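Below you'll find the structure, written out as structure tokens, and then a few comments.
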Amino acid sequence: MKTKSIPLGICKENFISYNALVVGQNKSDREHILRMLVGKEFSISSAVQTLKEASEELEDFYNTSKQPDILIADIELQGPSAILHLKKIRNYYPELKILVIHNESSKNLIQQVLDLRINSFDLKPIADRRLTRKLAQIFNRDELVPKEQEVYSKDKIINLKNLHIPTLPEVTFKVLRVDTNNPEVGWEELENIISPDKSIASSVIRLANSTHYGRSGKISTLQDAIQLLGVQNVKNLVFLLTKKNIYGRIRGRMYQKFLQELPILSALIAIDLADILHTKDLKKHLFLNCLLGRIGMMVFALNFHEQYKEVLRFYEFGIKNLVSTEKDRFNYDSQTLTIKVFNLWKMPDGFLRALQHKNFSKYDIPKVTIQDKITRLAEIFALRLIGVNLDKSEQKVLEKLLLDLDKPELVGMFSTEYYDLIQDHPLYTMAFG
């Protein structure tokens, strides 16, 4: 018999149903879980309201045919004693599989739950597809994981053919190859490329008329706008608009924070850091490297919307760094995916070189370039400003970078006051508007 034809609630070794003990004070949520389990052919040992009752049931069922294989506990209304009860249950029944459900995703709660060595954690509202995925993982039934989760082959390498990867519009592809080292030719070439695209052309003129460039209402032609802004600033804007169009398909607060705000904020901070660190010649590289350097995150979000949101939630609370969290979830990381996407897009070699050391550790700092350091520092400052808790390894990188650059005062420069001011930057506004 093919294992895929064996229901999730049946043990594929002995064909006996798993016993489930369900806990939850909300009757409708409890019944929702029970209906889902029965549909998957689990046996129900019991369904109770509190973890205290669950402890008593576990004791009564011990060494009987109803001994639970899994405890599914909705602890939303269980109060502060929930963690203590779960700890007691885990100590007494180390082999019991435990899935905890809650409506709160605070770092403190998640860390407390993870410290109990539970098997999985899920957030409300309860969703059958997500719960099925978590149960399939707990019981090593990879073949029953919903299709969108099957992101890697047997050798655990993502096959790009199985992913939806957005293509670069022709206008963006052409703009990418405009030579910024020859501004006399560059602006004319840019005008010819951009003028047929009315949306981009109007955005370029709007940027030129922003108060940031001191020409409010005075620029009416694309030619004047390009000459005022400069070839590189226009290229930056075109890529910002391209990325914004791709991002537009992805909804949710978590994605707005990481896919929309983090890249533009990192890019603008990098430009300011280049001035502070007297490396103005790097500006044309820094902006686009920061803006596009995490495009793999966007591809993950486009293909695995709910799963990647969960990855970002753990990253947001500083429980693990991004690479570790992604690899735990997908056996792959977004930075490697970014490199694959850049190769697919035929991006210039300079972009690929900039990605090689994107996630460098504190020990690599003496070996990486100043461009690498500024890019990483800009992203770390941006993460802090949008409320992400840095994990210990990233905090160490920040400390070592400030020491290496002999600029401890940078922490004070990129504060909440800076954050308030940078949100008035026209490129920041365009990223959201």
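We're numbering straight along the sequence, starting at 1. Values below: every heavy atom of this structure, side chains too, minus hydrogens, waters and symmetry copies. Computed from a predicted model, the values in this text were never measured in an experiment.
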Flag for [Y]-[X]: side-chain donor and acceptor within less than 3.5 Å:
| X | Y | answer |
| --- | --- | --- |
| E261 | Y428 | yes |
| T242 | N245 | no |
| S199 | D197 | no |
| D424 | H212 | no |

Exercise for the section: List for me each residue that meets side-chain contact (heavy atoms from CB on, under 4.5 Å) alongside P348, sequence neighbours excluded, and say none if there are none. Expected result: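 Residues passing side-chain contact (heavy atoms from CB on, under 4.5 Å) with P348: L176, F351.
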Practice task
Under the side-chain contact (heavy atoms from CB on, under 4.5 Å) rule, collect the residues that match up with L116, sequence neighbours excluded.
Solution key: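 Checked L116 against side-chain contact (heavy atoms from CB on, under 4.5 Å); matches are I83, L86, K87, I118.
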By salt bridge (Lys or Arg N to Asp or Glu O under 4.0 Å) - contacts of [X] (at least two apart):
| X | answer |
| --- | --- |
| D364 | K367 |
| K309 | E306 |
| E394 | R376 |

Contact check, side chains of [X] and [Y], non-hydrogen atoms, under 4.5 Å:
| X | Y | answer |
| --- | --- | --- |
| N233 | L237 | no |
| K174 | E170 | yes |
| I295 | W345 | yes |
| L312 | L322 | yes |
| Q371 | R353 | no |

Between the side chain of [X] and the main-chain N/O of [Y], is any donor-acceptor distance below 3.5 Å?
| X | Y | answer |
| --- | --- | --- |
| R141 | I6 | yes |
| K97 | L135 | no |
| S334 | G296 | no |
| D272 | I269 | no |
| H305 | R251 | yes |
| N303 | H164 | yes |
| S17 | E41 | yes |

Problem - Where at least one partner belongs to residues 385-406, residue pairs that pass ring-ring contact (aromatic ring centres under 6.0 Å, His included), sequence neighbours excluded - result: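 Of all non-adjacent pairs touching residues 385-406, none passes ring-ring contact (aromatic ring centres under 6.0 Å, His included).
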Practice task
Mind jotting down which residue pairs meet the ring-ring contact (aromatic ring centres under 6.0 Å, His included) criterion with at least one end in residues 379-404? Sequence neighbours excluded, please.
Solution key: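 As it turns out, the ring-ring contact (aromatic ring centres under 6.0 Å, His included) pairs with a partner in residues 379-404, which skip direct neighbours, are F381-F414.
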Nearest heavy-atom neighbours spanning [X] and [Y]:
| X | Y | result |
| --- | --- | --- |
| K235 | V175 | CE-O, 3.2 Å |
| L21 | A54 | CD2-O, 3.8 Å |
| L77 | N26 | CD1-N, 4.5 Å |
| L144 | P7 | CD1-C, 4.3 Å |
| R384 | V411 | NH2-CG1, 3.4 Å |
| I246 | M298 | CG2-SD, 3.2 Å |

Handout entry: Pairs flagged by salt bridge (Lys or Arg N to Asp or Glu O under 4.0 Å) wherever residues 400-412 is involved - sequence neighbours left out
Key =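 Qualifying pairs, neighbours excluded: K373-D404, K407-E409.
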Exercise for the section: Kindly state each residue pair satisfying salt bridge (Lys or Arg N to Asp or Glu O under 4.0 Å) with at least one member in residues 55-72, sequence neighbours excluded. Expected result: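 Qualifying pairs, neighbours excluded: K52-E56.
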Exercise for the section: Could you pull out all residues at least two apart from S45 that satisfy side chain to side chain donor-acceptor pair (under 3.5 Å)? Expected result: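 Listed in chain order: nothing, the list is empty.
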Practice task
State whether the number of non-hydrogen atoms from other residues, nucleotides or ligands found under 6.0 Å of K327 atom NZ is greater than 12.
Solution key: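 Open: at most 12 neighbouring heavy atoms sit under 6.0 Å from NZ of K327.
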Exercise for the section: List for me each residue that meets ring pair (Phe, Tyr, Trp, His ring centres under 6.0 Å) alongside F239, sequence neighbours excluded, and say none if there are none. Expected result: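 Scan of F239 (ring pair (Phe, Tyr, Trp, His ring centres under 6.0 Å), adjacent residues dropped) gives none.
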Could you pull out every donor-acceptor pair under 3.5 Å between side chains of residues 285-294 and any protein atom, sequence neighbours left out?
| unit_1 | atom_1 | unit_2 | atom_2 | d |
| --- | --- | --- | --- | --- |
| N289 | ND2 | H285 | O | 3.1 |
| R294 | NE | E379 | OE1 | 3.1 |
| R294 | NE | E379 | OE2 | 3.3 |
| R294 | NH1 | Q335 | OE1 | 2.9 |
| R294 | NH1 | N359 | OD1 | 3.2 |
| R294 | NH2 | N359 | OD1 | 3.1 |
| R294 | NH2 | E379 | OE2 | 2.7 |

Practice task
Fit a plane to each ring of Y255 and Y308, take the angle between them on a 0 to 90° scale, and name the class: parallel (under 30°), tilted (30 to 60°) or perpendicular (over 60°).
Solution key: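 Aromatic pair Y255/Y308 classed parallel.
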